[in-house]
Amino acid sequence: MLRIAIQKSGRLSEESLKLIKECGISFINSSLKLKTESTNFPLEILYLRDDDIPGYVADGVADIGIVGENVLVEEGMQQLAVEPLGFSKCRLSLAVPKSDDYSDISDLQGKNIATSYPNLLQSFLDERGVQAHIHTISGSVEIAPSIGLADAICDIVSSGSTLISNGLKEVERVFKSQAVLISNQSLSDEKRAILDKLLFRIHAVQRAQRAKYILLNAPNDKVDTIIKLLPGIKSPTVLPLAEEGWSSLHSVVNEDDFWDIIEKLRDAGAEGILVVPIEKMIK
Ligand SMILES: Nc1ncnc2c1ncn2[C@@H]1O[C@H](COP(=O)(O)OP(=O)(O)OP(=O)(O)O)[C@@H](O)[C@H]1O
Ligand SMILES: O=P(O)(O)OC[C@H]1O[C@H](OP(=O)(O)OP(=O)(O)O)[C@H](O)[C@@H]1O
Ligand SMILES: [Mg+2]
């Protein structure tokens, strides 16, 4: 049995649970139970505060975990990282009151900065030769300038709406983060084998998230031109349509190239283009 620690409630919880479910791992989810066992995979889930997850994984209380890279690096536990998971993307940024004249980082020399990430902030300031007073608080950081607690803040930003609502503007990006899978460094062979199985499933889910299945119809004389437009795929499926002189082409395209390709395909004579999500993709 492998033990995974995930955040009980917060910005990582929903996506962490979704990933586990998309891997075909079932469990009974109750908001009151802080430990559950999967009914069809050797996995036990522990629901914890995110800040505690790296420590528990390092100590072997949990075998693996999902946590923000910002927390992992803040706690000096980068060595536990297995791989990024592509969700809970955000940045750690410095912000000042919107009416401040800010030109560069030297403006923060000697200032008070409130943050929940003192280590990440300290190394950012050190690298730039700026000395400031770091005031560590555990939450509601954006309130600090308006109550006279600090001149600036360093906190998580995603859409930027919390900053705007609190009369602040983002002035420096300190760290880019996303959710990361972490693991204890001395797993037994049995646990390592379960982790490999889980990683195999995670990769299939991740590959599918980036890919779309595309189906289109084209006159036979356009098929060769259209095949050349489909990137990265050696050989798309070509099937004859019931209508004489027409074919149906099936292929997989990357989400990032999607709109670009769709336009080119249409210009090349493709019709009835269907784009369908893919649930799992095994190489
Ligand atoms: N607005 C956001 N958008 C995307 N990701 C975010 C956002 N805010 C935080 N995160 C990421 O999610 C992680 C957890 O954020 P959250 O705000 O839920 O933490 P918390 O309040 O410390 O939770 P806990 O109660 O577990 O200690 C952060 O460390 C960061 O990596
Ligand atoms: O740029 P935005 O999209 O506004 O997101 C940023 C906010 O999100 C996080 O807080 P959260 O809402 O998770 O609450 P918390 O402070 O209680 O953790 C973070 O601490 C910021 O305050
Ligand atoms: Mg926390």
Side-chain angles (χ1 to χ4, degrees), residues 3-20 29-36 45-59 61-62 64-78 80-98 113-124 134-147 149-150 152-183 202 206 209:
R3 270 189 166 177
I4 184 168
I6 62 170
Q7 190 188 25
K8 179 177 178 288
S9 92
R11 297 280 189 160
L12 293 158
S13 313
E14 202 177 306
E15 291 280 346
S16 302
L17 283 173
K18 187 166 147 240
L19 177 64
I20 295 172
N29 193 14
S30 142
S31 57
L32 297 176
K33 216 164 166 234
L34 299 178
K35 195 165 71 125
T36 55
I45 305 174
L46 308 183
Y47 298 92
L48 302 169
R49 288 288 303 272
D50 69 339
D51 318 60
D52 297 334
I53 292 175
Y56 281 161
V57 170
D59 296 345
V61 173
I64 60 170
I66 297 177
V67 72
E69 258 177 309
N70 52 318
V71 167
L72 192 67
V73 177
E74 174 64 24
E75 297 182 9
M77 302 255 185
Q78 304 79 309
L80 304 180
V82 177
E83 57 183 59
L85 294 172
F87 59 83
S88 299
K89 286 188 175 166
C90 57
R91 53 196 187 269
L92 183 67
S93 288
L94 277 156
V96 299
K98 90 171 171 285
I113 309 175
T115 188
S116 307
Y117 300 92
N119 297 325
L120 280 169
L121 175 58
Q122 189 69 65
S123 22
F124 183 82
I134 298 178
H135 196 90
T136 306
I137 54 179
S138 58
S140 299
V141 176
E142 292 92 345
I143 204 178
S146 68
I147 57 171
L149 189 71
I153 65 142
C154 178
D155 198 21
I156 297 296
V157 181
S158 172
S159 65
S161 48
T162 308
L163 290 184
I164 293 170
S165 308
N166 289 284
L168 300 170
K169 62 179 178 192
E170 186 175 3
V171 292
E172 304 282 345
R173 294 186 177 189
V174 173
F175 188 80
K176 231 176 106 193
S177 181
Q178 61 176 297
V180 60
L181 184 78
I182 60 173
S183 168
I202 290 176
Q206 285 177 333
Q209 277 165 353

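None of these values were measured; they are calculated from a predicted model. Just so it is clear, the values below take in all heavy atoms, side chains as well, and ignore hydrogens, waters and symmetry mates. Order of appearance sets the numbers: ligands from 1, and atoms from 1 within every ligand.
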Side chains of L46 and R3: closer than 4.5 Å at any heavy-atom pair?
yes
closest protein heavy atom to atom 8 (N) of ligand 1 is I156 CG2, 3.4 Å
Counting C-beta onward and ignoring hydrogens, is there a side-chain heavy-atom pair between L120 and E74 closer than 4.5 Å?
yes
Notebook entry, point to check: Heavy atoms of the protein only: does one fall short of 4.0 Å from atom 17 (O) of ligand 2?
Noted result: no
Nearest non-hydrogen protein atom to atom 6 (C) of ligand 2, with distance, is I156 O, 3.4 Å
heavy-atom search around atom 3 (O) of ligand 2 in the protein gives S159 OG, 2.6 Å
heavy-atom search around atom 11 (C) of ligand 1 in the protein gives C90 SG, 3.9 Å
Within 4.0 Å of some non-hydrogen atom of V71, the atoms of ligand 1 are 29 (O)
Here the atoms of ligand 2 under 4.0 Å from any heavy atom belonging to V157 are 1 (O)
Here the atoms of ligand 1 under 4.0 Å from any heavy atom belonging to G10 are 18 (O)
Item checked: G139 touching ligand 2 at heavy-atom level, < 4.0 angstrom -> no
heavy-atom search around atom 7 (C) of ligand 2 in the protein gives T162 OG1, 3.6 Å
Does K8 NZ have over 12 foreign heavy atoms under 6.0 Å away? no
message: Is atom 21 (O) of ligand 1 touching the protein, meaning some protein heavy atom lies under 4.0 Å away?
response: no
re atom 25 (O) of ligand 1, the protein heavy-atom contact at minimum distance is R49 NE, 2.8 Å
Counting only heavy atoms not in F87, do more than 12 fall under 6.0 Å of its CZ? yes
**Q.** K89 to ligand 1, any heavy atom closer than 4.0 Å
**A.** yes
When distances are taken from atom 14 (C) of ligand 1, the protein heavy atom at minimum range is D50 OD2, 3.4 Å
| query | Looking at ligand 2, does G160 have a heavy atom less than 4.0 Å from it? | reply | yes
In this structure, the Mg ion (ligand 3) sits at the vertex of an angle between OD1 of D51 and OD1 of D50 that rounds to 10° as 70°
Handout entry: Greater than 12 external heavy atoms within 6.0 Å of Q78's CD
Key = yes
Distance col, row I6:CD1 vs S16:OG, nearest 0.5 angstrom, shows 5.5 Å
When rounded to the nearest 0.5 Å, the distance separating NZ of K169 from CG of L163 is 12.0 Å
Quiz prompt | Side-chain heavy-atom pair I134, T115 within 4.5 angstrom cut-off | solution = yes
* Asked: Between the main-chain N or O of Q7 and the side-chain N or O of S13, is there a donor-acceptor pair closer than 3.5 Å?
  -> yes
For G68, the atoms of ligand 1 under 4.0 Å from one of its heavy atoms are 31 (O)
With S161 as partner, the option from S159, S158, S165 fulfilling side-chain hydrogen bond (donor to acceptor under 3.5 Å, both in side chains) is S159
Original post:
Under 3.5 Å, is there a donor-acceptor pair between the side chain of S88 and the main chain of R11?
Top reply: yes
Charged N to carboxylate O under 4.0 angstrom, E69 versus K176? no
Output for pair (L12 CG, I53 CD1), nearest 0.5 Å, gives 7.5 Å
**Asked** Protein heavy atoms: any of them under 4.0 Å from atom 1 (O) of ligand 2?
**Response** yes
Note: Y117, heavy atoms under 4.0 Å from ligand 1, region reported as side chain
In this structure, atom 8 (O) of ligand 2 is nearest to the protein heavy atom R11 NH2, 3.3 Å
With heavy atoms and a 4.0 Å threshold, my read on which part of V141 contacts ligand 2 is neither
Note: heavy atom closest to atom 29 (O) of ligand 1, options N70, L48, I6, belongs to N70
Exercise. Under 3.5 Å between some N or O of ligand 2 and some N or O of S158?
Worked result: yes
Ligand 1 to S158, heavy atom cutoff 4.0 Å, flagged ligand atoms 1 (N), 2 (C), 3 (N)
Next on the checklist: Under 4.0 Å from atom 12 (O) of ligand 2, is there at least one protein heavy atom?
Outcome noted: yes
Note: Q7, heavy atoms under 4.0 Å from ligand 1, region reported as side chain
min-distance protein heavy atom vs atom 17 (O) of ligand 1 -> R11 CG, 3.7 Å
More than 12 non-hydrogen atoms from neighbouring residues, nucleotides or ligands closer than 6.0 Å to CG on L17, yes or no?
yes
Taking N166 for the side chain and T162 for the main chain, is one N or O donor matched with an acceptor at less than 3.5 Å?
yes
inquiry  = Has S177 got a side-chain atom pairing as donor or acceptor with G68's backbone, closer than 3.5 angstrom?
reply    = no
A student comparing L12, L163, L92, D155 should find that the heavy atom closest to atom 20 (O) of ligand 2 comes from D155
For D51, the ligand 1 atoms with a heavy-atom partner under 4.0 Å come out as 22 (O), 27 (O)
**OP:** Determine yes or no for a side-chain-to-main-chain donor-acceptor pair under 3.5 angstrom, with S93 supplying the side chain and R173 the backbone.
**Re:** no
Atom 22 (O) of ligand 2 sits nearest the protein heavy atom E142 OE2, 2.6 Å
